[in-house]
Amino acid sequence: MKRYGFVILILTVLQFFACRSDETIVYMEDEDTGVTTTKSEVVGLYLLNEGNMGSNKCTLDYLDLSGETVHYLRNIYAERNPNEVKELGDVGNDIQIYGSQLWMVINCSNKVEVCRATDAVKIGKINIPNCRYVTFDGGYAYVSSYVGPVSAGSSAPRGMVYKIDTLTLQKTDSCIVGYQPEEMVASRGKLYVANSGGYNFPNYDCTISQINLRTMKEEAQIEVSTNLHHLKLDRYGQLWVSSRGNYQDKAPNLYCLRITESGQPIVTHQMDVEVSDFCIVGDSLYYYGVGWNQVKQENTRQFGIINIRTHQVVTDRLSSTPELEKIRMPYGIIVHPQNRDFYLMDAKNYVSSGELLHFKADGSFDYKVRTGDIPAHAVFVNKSK
Amino acid sequence: MHLWAQHPQYNRLDSIQQLDVVYISSRYNHKEVIPSQTLSGEQLEKLSSNSIADALRYFSGIQLKDYGGVGGIKTVNIRSMGTNHLGISYDGIELGNAQNGQIDLGQFSLDNVEEITLFNGQKSALLQPASDFGHAGAIYIRTRAPRFDEDKNMNLKLSAKYASSDMIRLSGLWEQRLTPRISSSVSAEALTASGKYKFRYRRFRQDGTVAYDTTAIRQNGDIWALRAEGNLHGMLDEGFWKFKVYTYHSERGIPGAIVNNVWRRGERQADHNFFTQGRWQQQLGEKLTTQAVAKYAYYHTHYVNRDTTQLMVDNTYKQQELYFSTSNVYDFLPWWSASLCYDFKWNKLDSDMRQFVEPQRYSNYLSLATALNLPQIKMQGSILMTAVKDHTRKAVSPKSITEYTPAVFVNYTPFETYDLSIRAYAKKSFRMPTFNDLYYTDLGNALLKPESALQYNLGMSYDHQWRTGLFRFFHIQTDAYYNSVHDKIVAYPKGQQFRWTMLNLGKVHIKGIDVEAELTMVPTKDLLVTGRLQYTYQDARDVTDPTDSYYCDQIPYIPWHSGSAIINVQYRNWNLNYSFIYAGERYNQQENIKYNYMQPWYTSDLSLSKEFKIKRADCRVMLEVNNVFSQDYDVILNYPMPKRNYGITFDMKI
């Protein structure tokens with residue numbers, strides 16, 4: 001008996017062993033929230049999950065607002081583009097719609113992915129190293145990139161903005177800007193670029209680059225504040241730019257700039273609100289901010305609305321529901337352009353699934369759905385005309 | 001004089017092969033209470049392993065993190081408790097890395113290693129440095145001690161290997177008897193490889209058609225390395241001393257993660273490591289044995305990221321360690337002894353990183369242990385006090401930390417006629433956050449708490465030997481354990497392999513079973529068949545916070561089932577070895593969802609060798625094929641492993 005013990009042991013152990021099967025691409029999950037859809041011009045929302053660096057887990061989700069009830073389609077890219085080797089890529093950083101095109105800036109995959117806005121099927125891609133944000137003007141896309149020529153006296157290279165023809169998807173021109181450029185805005189023949197200088201820690205950049213779109217040359221650098229990040233234009237032609245601060249003694253902030261006749265912006269207001277990101281609808285600037293409280297050893301969160309005409313904080317609470325308090329790491333905000341209901345993205349601990357929370361215009365909580373890792377960027381899809 | 005005059009740890013093959021093995025220092029070893037898992041030099045030679053890391057895959061309870069390739073970083077994890085809970089000793093003295101706590105086992109060659117031993121809990125012996133009482137698990141690497149056949153004063157071993165990825169390895173070992181009581185050994189090795197290997201990513205649609213299928217060549221995985229080690233061994237009356245100088249130099253590419261649109265990267269790392277250590281053991285009178293140990297280590301790491309698409313990095317790290325230890329065992333009665341040990345350790349990390357705080361750490365360890373050795377029961381109890389104080393360039397340095405960690409080990413042999421023993425232990429241990437965890441300029445979190453682990457283990461071991469017949473030796477041991485880890489610190493790879501995101505993940509409950517069995521058969525004359533089987537079950541749940549989406553989920557990179565099997569067939573001068581390694585399904589992130597799911601992987605490695613004589617030299621040629629079925633797998637997500645690969649080795653002993 002003892003002699004066969006070994007054989008029996010082998011057989012017993014082998015039972016536990018499961019074999020490999022063919023690995024399939026990951027198919028999407030369709031989650032029915034059960035919430036009745038409020039019909040509007042907006043028929044859906046694309047949400048880009050960043051995914052952690054090196055994980056190749058940048059994924060695309062779609063919130064379908066066209067049916068009876070709200071459906072959440074999680075991770076649709078692989079299924080819509082099954083032949084794409086290693087799927088969407090590593091660390092998504094921006095998503096925009098221009099006409100019938102869906103543009104996604106995939107930072108660590110060094111590419112900008114262009115898909116059909118209707119179904120996220122790939123049209124093409126543009127290779128741009130360390131690309132960050134995209135904006136559009138007159139049939140061209142402008143993509144900011146951390147990588148440009150290295151200048152003397154600095155270990156980090158200056159940034160670049162690439163001009164891309166949206167029909168041919170070819171790079172047609174480029175322009176050197178400040179250090180590690182982030183979000184951009186095009187207005188009246190000029191392109192404004194927020195420079196962060198994130199690679200030059202602790203000597204961050206603090207300027208907005210002003211580019212003449214006709215010549216594609218930098219005309220001016222306007223000093224604003226440390227480590228600029230988000231830059232948006234409101235309906236009065238004002239620029240709003242957020243500063244990340246230096247993570248030490250200089251706190252994040254929000255600035256408002258007026259564009260002069262010559263096209264050069266000047267700072268008019270320092271809001272003294274710790275803003276991480278914001279979304280402007282009508283006269284309201286919806287913001288959220290995350291800071292670190294050294295004494296309490298916890299994150300502090302702010303949510304509020306600023307009136308862009310009066311430059312006053314209208315409210316410092318977007319909602320009084322406990323669901324807002326449960327948000328661990330607010331990482332994105334998008335507000336419905338007409339109905340003013342809004343969505344907040346919760347990135348949790350960055351290494352697990354996040355959440356997309358929907359709130360009604362009055363701030364009451366509506367529903368939430370599970371997203372991919374680090375939900376951060378979203379864009380509405382309008383009814384096609 | 002033996003504390004543990006237990007059944008001797010005989011070399012199982014000896015009784016059959018009649019090898020002459022001389023244990024020079026066994027007389028002074030106080031044997032441990034709980035036996036361990038061991039791979040001896042003989043077995044190691046037959047496995048086509050390149051490094052110590054490869055060999056550790058054959059131990060139960062061990063998970064290897066392998067980033068792939070010759071130069072890829074390889075670290076191990078014991079019983080789901082994480083790399084930093086595992087102590088790794090090289091010839092009796094712990095290898096340290098205060099910077100990140102990860103010993104890259106790929107840097108240690110198997111070439112001059114005589115034995116690798118794994119202890120769960122701690123090595124339950126008395127005569128050892130105080131810090132050895134503090135690990136949750138420990139691996140002891142013992143290099144070959146010089147021994148000479150009669151009328152020989154010198155041994156020489158030369159070895160050359162050529163393998164896939166353009167790998168060439170040359171090594172030599174020279175042992176010399178200097179005086180009747182002093183001998184020396186010098187071991188040196190040179191390694192170079194392009195690190196290029198084919199890998200494949202293939203995915204299917206649900207209907208079974210191919211979605212994508214791409215094969216590429218791993219880039220930027222080239223390495224050169226030089227290792228040299230010199231040893232002096234001296235015998236004393238009732239004692240011995242050893243002195244070692246070790247140096248390792250390498251320059252390598254870090255291949256990095258394969259992600260969409262990125263197939264090569266530009267990270268590189270150069271290491272210049274040096275350490276010297278000495279050990280002296282002496283019996284003082286009938287009752288007292290003492291051991292003194294000293295070590296100085298200097299590790300120089302230069303890390304460069306030349307990838308123009310990323311943040312350019314060019315950083316140098318310099319680590320120093322100074323270590324002293326004294327251990328003293330006193331035998332009160334033939335069956336009762338106790339030990340008092342004290343260690344002092346100083347670590348310093350310098351770096352040219354901006355705003356780096358240049359931490360220094362002063363650690364003091366004081367241990368008190370006692371052991372009973374009764375005919376049927378052996379017991380050991382120990383308590384370790386650890387006091388750690390860090391100093392940084394910042395005005396306020398962190399507070400000092402003092403921890404007390406007890407352990408109890410029992411081994412019971414119920415029968416005199418059967419070689420069956422039942423063992424149990426309970427132990428508390430902790431690990432300090434590393435310098436990287438605490439002070440890394442942009443990622444470190446100076447608020448991290450030490451991570452503590454509680455372990456309870458119950459197991460048995462059974463041996464049987466036959467003098468004649470088909471079966472000659474059978475051994476089985478199995479352990480069931482329950483661990484809980486509190487304030488667990490978890491590292492996630494963040495793009496650059498050298499950098500991590502630090503998380504105090506919280507609380508983990510681990511239930512596991514280890515099984516290990518060995519069988520030796522002699523089917524006909526001259527034919528010897530040995531089998532070794534190892535299986536590990538681990539259920540490691542994150543129980544930090546019920547509101548987490550991953551509450552009660554299996555922690556990342558821990559498979560529920562894993563194991564290995566080795567079958568070795570020896571016929572006259574021929575030797576055929578088959579080894580199989582299996583890692584079951586697991587998840588690469590905290591949440592057990594399909595996006596994080598990883599398929600099982602299993603590889604089969606084959607080697608065939610023949611021994612022969614050229615004049616008076618013993619020679620051996622070995623051919624190996626690894627990953628015979630060319631499985632495409634990742635151990636770590638997006639770090640593809642090599643497909644089928646080959647090697648040929650030539651050894652000569654004079």
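Predicted model, so just to flag it, every value in this text is computed and none were measured. Just so you know, these numbers use all the heavy atoms, side chains as well, and skip hydrogens, waters and symmetry mates.
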| message | With heavy-atom distances below 4.5 Å as the criterion, would you say the side chains of B:Val262 and A:Lys86 are in contact? | response | no

The interface call for A:Lys125 against chain B, heavy-atom contacts under 4.5 Å, is side chain

Quick one: are A:Asn49 and B:Tyr595 in side-chain contact, heavy atoms under 4.5 Å? no

- Query: Is atom NZ of A:Lys122 surrounded by more than 12 heavy atoms (other residues, nucleotides or ligands) closer than 6.0 Å?
  - Reply: yes

Tightest non-hydrogen contact, residues B:Val259 and A:Ser109, listed as CG2-OG, 4.2 Å

Distance only, no hydrogens: is a donor on one side chain within 3.5 Å (strictly under) of an acceptor on the other, for A:Asn52 and B:Gln589?
no

Heavy-atom nearest pair, B:Val210 first then A:Asn83, reads O-OD1, 4.4 Å

Correct closest heavy-atom pair for B:Arg354 and A:Pro202 would be CD-CD, 3.4 Å

When the 4.5 angstrom heavy-atom criterion is applied to A:Arg74 and chain B, the contacting part is both

Review point. Is B:Asp548 paired with A:Arg328 through a side-chain N to carboxylate O contact shorter than 4.0 Å?
Key: yes

When B:Gln599, B:Arg202, B:Met598 are each screened for side-chain contact (heavy atoms from CB on, under 4.5 Å) with A:Glu23, the one that passes is B:Gln599

Requested in this report: Give a yes-or-no answer on whether the side chains of B:Asn260 and A:Lys111 include a donor-acceptor pair shorter than 3.5 Å.
Outcome: yes

Applying a strict 4.5 Å limit to non-hydrogen atoms, the region of A:Glu79 in contact with chain B is neither

### Task
Kindly indicate whether the side chain of B:Arg205, heavy atoms from C-beta on, has any atom under 4.5 Å from the side chain of A:Thr24.
no

Would you tell me whether A:Ser352 and B:Glu591 have side-chain atoms, one donor and one acceptor, within less than 3.5 Å of each other? no

Next on the checklist: When you compare the side chain of A:Arg370 with that of B:Ile593, does any pair of heavy atoms fall below 4.5 Å?
Outcome noted: yes

Cut-off 4.5 Å, heavy atoms of chain B, and the answer for A:Asn107 is neither

Looking only at the side chains, is there a donor atom on one of A:Asn349 and B:Tyr550 sitting less than 3.5 Å from an acceptor on the other? yes

Under 4.5 Å to a heavy atom of chain B? For A:Tyr146 that would be neither

Cut-off 4.5 Å, heavy atoms of chain B, and the answer for A:Thr59 is neither

Smallest heavy-atom separation, A:Arg20 atom then B:Tyr633 atom, equals NH1-CB, 3.7 Å

So does A:Gly54 get a backbone contact from the side chain of B:Asn638, meaning a donor-acceptor N/O pair under 3.5 Å? yes

